[in-house]
Amino acid sequence: MPSSQQTFIRKSSLKIQAPFLFLCPFSSHLIRMQRVMFMHPGDFTPVCTTELGQAALHEEEFTKRGTKLCGFSCNDSNSHKNWIKDIEVVTGGEVKFPLFCDPTRDAAVELGILDKTNKDAKGLPLTVRSVYILKPDKTIALMMTYPASTGRNFNEIIRVLDSLQLTAKKSVATPVDWKQGDDVIVNFPLSNAEADEKFGKGGYRIVQVPSEAGKVLAKNYMRYANTAA
Ligand code: BEZ
């Protein structure tokens with residue numbers, strides 16, 4: 001992993017406040033609403049063009065989930081304004097959400113999100129291709145960083161939002177590849193007695209496991225429910 005990414009991860013531990021909320025001019029909006037924020041390596045680049053178009057085409061799905069979108073790259077507002085016209089022609093997606101500008105790269109340097117292994121035509125490092133889910137309490141719920149050559153998957157980001165919203169309200173976690181309507185996992189820290197209280201007796205399914213550790217626990221650790229309590 002490039003050292004710039006390591007620096008960013010160190011700075012943006014999931015437990016600390018998202019530092020860029022204080023740097024960007026739209027911070028008051030960011031604080032009020034859950035946000036998905038995309039860092040883009042640069043304007044007028046092909047993968048980013050497809051991603052921003054896809055984000056725009058999915059915007060209604062994000063809105064339904066009480067979530068706003070925004071992007072960020074080290075370009076200026078003129079560049080952004082021209083680029084979004086290209087994005088619409090290429091993808092059919094009209095970018096209406098804010099794209100933050102950082103032509104001086106001050107914010108990118110402060111955040112440690114410049115990738116020294118990827119440079120623009122002038123030899124300046126590009127921003128990492130990261131995505132963040134920012135919560136209204138200014139903490140980061142999720143961050144993923146992709147290589148510059150790999151575009152993000154918006155269905156996955158929406159799937160994570162669905163999981164976050166469900167697990168914030170209910171005593172459940174979502175298993176691998178979970179999607180809305182699938183079985184959920186009864187929260188591991190709940191004892192069976194507590195799970196009975198929340199889900200009702202017989203309201204969840206215990207998978208009997210062969211391990212001794214699983215048998216001696218006062219709670220079974222593999223428990224599925226199909227209705228979230
Ligand atoms: C792209 O978005 O296509 C891209 C950006 C930076 C490096 C390589 C590809």
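Below, all heavy atoms of this structure are taken into account, side chains as well, without hydrogens, waters or symmetry copies. Counting convention: from 1, in listed order, for ligands and their atoms alike.
Annotation: salt bridge (charged side-chain N to carboxylate O under 4.0 Å, His left out) contacts of E156 (sequence neighbours excluded): R159. Partners of E88 under the side-chain contact (heavy atoms from CB on, under 4.5 Å) rule, at least two apart in sequence or in another chain, are E94.
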List below, pair by pair, the N or O atoms of ligand 1 and of the protein that are less than 3.5 Å apart, including the distance to 0.1 Å; reply 'none' if no pair qualifies.
unit_1: ligand 1; atom_1: 2 (O); unit_2: T45; atom_2: OG1; d: 3.0
unit_1: ligand 1; atom_1: 2 (O); unit_2: V47; atom_2: N; d: 3.2
unit_1: ligand 1; atom_1: 2 (O); unit_2: C48; atom_2: N; d: 2.9
unit_1: ligand 1; atom_1: 2 (O); unit_2: R129; atom_2: NH2; d: 3.1
unit_1: ligand 1; atom_1: 3 (O); unit_2: P46; atom_2: N; d: 3.2
unit_1: ligand 1; atom_1: 3 (O); unit_2: V47; atom_2: N; d: 2.6

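In the hydrophobic clustering of this structure, F199 groups with W178; members are Ile, Leu, Val, Met, Phe, Trp, Tyr whose side-chain heavy atoms approach within less than 4.5 Å, directly or through other members.
E51 has a carboxylate O that lies under 4.0 Å from a charged side-chain N of R129, or vice versa, which qualifies the two as a salt bridge. E60 has no carboxylate O lying under 4.0 Å from a charged side-chain N of K64, or vice versa, which leaves the two without a salt bridge.
Residue pairs meeting the salt bridge (Lys or Arg N to Asp or Glu O under 4.0 Å) criterion with at least one member in residues 171-186, sequence neighbours excluded, are K179-D182, D183-R205.
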